[in-house]
Colleague: 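Could you have a look at this structure, given as structure tokens, before my questions?
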Amino acid sequence: MNASQIYRPLFGLLLASSLVANTALAAPDDDNNIYRWQAPPAAVQLNADNTVIPTGSGALFIPTLTGVEKEPQVLVVDGDAVRTVAVGRRVIVPPGRYVVVVGSSPPRLSEGVPVEVAVGKTTVVPVKWGALRVEVVDSQLRKREASFDLIEVSSGRKITTPGVLDPEDDSSTWLLSPGLYRIMEPGADRLTGPDFVTVHVPAGGAVQFRLFVDRTTGDFRGGGVVPANQTLPDKVEPSGWSSSLVFGADAAGTQTRNLTGVPDHTLATGTAFIDGRLRYSDRIHGLSLRGQVEEGAQYVETVQGRALPFIKSRDHLEGKAMYSLFLNEGLGIYARAGAETAAFKTWNVATDPVQIAIREQGGAVNYRTIGAGETWDVADPWRPTFLKEGAGARFRFVDTRPFRLSVRTGLGLRQNIVEGSLVANDNLNTPAIEFTRLESFNQRGFEASAEAGLRLSNAFSVSGELDAFWGFGDLSRPVIEFDGLANLRLTQVLSLNYLTSITSFPQITDALQVRHGGYLRASWSLL
């Protein structure tokens with residue numbers, strides 16, 4: 001008997017023992033095991049899959065450690081052919097040898113597991129990788145958004161993670177090669193401060209890591225591994241009261257030089273805001289209250305050095321309330337009320353001498369010459385004020401994490417308190433800038449609105465609301481309002497935003513009322 005005949009059975013025994021050990025480690029039944037899977041054992045997963053293996057084929061089965069919907073797809077390599085497949089389901093393949101590449105890193109840095117598939121058989125891939133889920137909370141165990149870097153300690157390589165980990169997104173499980181990993185605050189490059197924590201990811205284990213952050217700054221406060229039976233639920237049924245209070249500020253700066261029809265100037269604007277929300281929801285009832293205050297000023301410094309005053313760039317107070325009674329998941333009835341106004345007097349400033357013409361409510365036209373650096377009043381404090389009330393049917397067509405769409409339609413009332421305010425009504429063929437002084441008026445009619453939101457990634461989202469109102473006796477001239485927002489989260493505090501607001505209000509002016517712009521915003525949660 002030669003050496004190969006002696007070692008071949010021994011090698012087979014060791015290989016079999018290794019597979020048994022991997023399977024045992026991969027799905028421990030002990031509830032006290034800190035690395036216990038959050039998904040059922042591999043055998044249970046396999047028995048639940050009823051995929052039929054065609055004649056002449058075989059199958060692969062890659063167990064899931066935390067759930068099919070939470071883990072990334074893996075690669076099956078056959079020579080030069082590469083196939084992307086999902087975990088937790090049978091994968092039909094021709095008989096032969098394969099390498100299953102599992103990991104959230106690039107393929108060359110992920111865990112490769114060689115397997116062999118026989119005709120009519122299902123090969124369960126030994127779990128030689130580990131799973132990591134990070135649960136970010138504050139000191140009250142309330143889930144929070146957070147940004148962090150995930151580093152493999154031995155190699156120093158960075159694992160790809162979302163720019164911002166969203167507490168409502170339960171799809172982020174990282175499949176990793178066994179080893180020690182470091183969770184670091186973005187941009188941290190030293191190990192002497194409280195800006196990193198470490199976690200060991202074992203082969204065949206599912207690690208649930210709880211990271212504590214400061215609710216206001218997002219700074220790390222500590223963290224550690226928690227047993228699977230002590231993790232917070234991924235999704236909580238809406239129940240009871242919830243609230244939020246956010247304070248923030250944004251800034252923008254522009255400069256113009258040698259533009260046609262535009263004076264040379266440097267323009268700096270700053271805005272502060274506070275946004276409070278209070279909600280109640282259960283399976284039948286929903287109540288949403290929101291209040292928002294935005295105040296800002298702009299400073300204009302011209303090249304010629306004329307001293308111009310500060311004028312407000314943003315003065316907006318808004319309150320909304322809505323009650324919904326849900327008849328089922330997609331249909332309900334609603335009642336809502338809202339108000340928006342401006343707290344301070346509104347005026348404009350002339351960077352160059354200008355003549356204005358104001359058409360008064362009685363029809364008379366008054367002309368004024370405004371010198372460079374002088375101002376004229378546009379609206380009194382608390383003008384204009386718009387009040388809205390409505391009730392009707394509410395439809396929720398889609399309400400998922402990446403996309404949501406709902407529509408409301410019903411009867412509505414409008415009180416437009418604009419007494420004495422000016423609206424531009426300029427005729428380009430005259431040297432003066434024309435304005436019309438408005439009168440207050442009320443409306444009754446039909447209302448409809450649609451709200452939609454799309455989250456393209458954890459860091460980028462867009463949303464919009466379209467609102468329409470048809471007054472009785474004036475159905476051919478509806479009031480149409482659109483508000484859209486694109487948001488790119490840079491850090492826990494900073495974001496880039498683009499806002500657009502377009503209104504067609506023919507009872508006030510035939511021209512479209514447009515406000516849009518991009519800005520850098522910093523915000524902090526106070527609740």
Side-chain angles (χ1 to χ4, degrees), residues 19 22-23 25-27 35-54 57-134 150 159-162 165-166 168-178 201 203-208 228 234-235 400-403 455-458:
L19 295 183
N22 268 294
T23 303
L25 175 62
Y35 299 126
R36 183 171 61 90
W37 289 11
Q38 297 171 24
V44 176
Q45 296 181 38
L46 187 59
N47 289 336
D49 190 312
N50 298 320
T51 304
V52 177
I53 301 177
S57 296
L60 283 169
F61 188 86
I62 304 102
T64 174
L65 282 65
T66 61
V68 174
E69 72 284 354
K70 300 175 182 178
E71 297 182 8
Q73 293 187 320
V74 302
L75 303 178
V76 176
V77 182
D78 177 15
D80 294 332
V82 179
R83 178 181 176 185
T84 302
V85 301
V87 298
R89 299 185 179 94
R90 274 190 176 89
V91 180
I92 305 301
V93 294
R97 295 182 176 180
Y98 299 87
V99 175
V100 178
V101 181
V102 180
S104 298
S105 300
R108 63 185 179 84
L109 302 174
S110 299
E111 195 70 23
V113 184
V115 293
E116 186 167 350
V117 178
V119 175
K121 303 293 184 181
T122 298
T123 298
V124 179
V125 179
V127 180
K128 297 185 177 181
W129 59 92
L132 173 65
R133 288 175 62 78
V134 179
L150 183 62
I159 310 299
T160 301
T161 61
L165 187 65
D166 195 311
E168 297 182 13
D169 185 3
D170 64 346
S171 62
S172 296
T173 292
W174 291 283
L175 301 180
L176 305 169
S177 298
V201 178
V207 182
Q208 181 73 34
D234 291 325
K235 293 183 179 179
T400 63
R401 180 62 191 158
F403 182 64
R455 181 174 291 273
L456 302 179
S457 70
N458 285 331

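The residues of the chain are indexed from 1 along the displayed sequence.
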Colleague: From Gln73 CD over to Arg83 CZ, what is the distance, rounded to the nearest 0.5 angstrom?
Modeller: 10.5 Å
Colleague: Decide yes or no on side chain to side chain contact (heavy atoms under 4.5 Å, CB included) for Leu60 and Val76, but give the supporting numbers first.
Modeller: CA-CA 9 Å; Leu60 283 169; Val76 176; 3.9 Å; yes
Colleague: Determine the minimum heavy-atom distance between Pro126 and Val115, stating which atoms define it.
Modeller: CD-CG1, 4.1 Å
Colleague: If you look at every heavy atom in Val87 and Pro63, which pair is closest and at what distance?
Modeller: CB-O, 4.2 Å
Colleague: Is there side-chain contact between Tyr35 and Val207, with at least one heavy-atom pair below 4.5 Å?
Modeller: yes
Colleague: With sequence neighbours excluded, what pairs up with Ser177 under the side-chain hydrogen bond (donor to acceptor under 3.5 Å, both in side chains) test?
Modeller: Glu111
Colleague: Nearest 0.5 Å, what's the CG-CG distance between Leu132 and Leu150?
Modeller: 6.0 Å
Colleague: Over all heavy atoms of both residues, which pair between Ser104 and Trp174 is shortest? Give the atoms and the distance, please.
Modeller: OG-CA, 3.3 Å
Colleague: Considering non-hydrogen atoms only, spot the tightest contact between Leu175 and Ala131 and give its length.
Modeller: CD2-CB, 3.9 Å
Colleague: Say you draw a straight line from CG of Leu75 to OG1 of Thr84; how long is it, rounded to the nearest 0.5 Å?
Modeller: 5.0 Å
Colleague: Who pairs with Arg89 by side-chain hydrogen bond (donor to acceptor under 3.5 Å, both in side chains), at least two apart in sequence or on another chain?
Modeller: none
Colleague: Not counting sequence neighbours, list each pair that qualifies as a salt bridge (charged side-chain N to carboxylate O under 4.0 Å, His left out) and has a residue in residues 118-127.
Modeller: none
Colleague: Please collect all side-chain hydrogen bond (donor to acceptor under 3.5 Å, both in side chains) contacts where either partner lies in residues 57-67, sequence neighbours excluded, each pair once.
Modeller: Thr64-Glu71, Thr66-Glu71, Thr66-Thr173
Colleague: Which atom pairs, donor and acceptor, lie under 3.5 Å between side-chain atoms of residues 93-102 and protein residues at least two apart or in another chain?
Modeller:
from: Tyr98; atom 1: OH; to: Pro94; atom 2: O; distance (Å): 2.5

Colleague: If every non-hydrogen atom of Gln45 is compared with every non-hydrogen atom of Gly88, which pair is closest and at what distance?
Modeller: OE1-CA, 4.0 Å
Colleague: Side chain to side chain contact (heavy atoms under 4.5 Å, CB included) between Trp129 and Leu176: does it pass, once the steps are laid out?
Modeller: CA-CA 6 Å; Trp129 59 92; Leu176 305 169; over 6 Å; no
Colleague: Of all heavy-atom pairs between Pro54 and Val52, which one has the smallest distance, and what is that distance?
Modeller: CD-O, 3.4 Å
Colleague: In chain order, what residues pass the side-chain hydrogen bond (donor to acceptor under 3.5 Å, both in side chains) check against Asp78, with sequence neighbours excluded?
Modeller: none
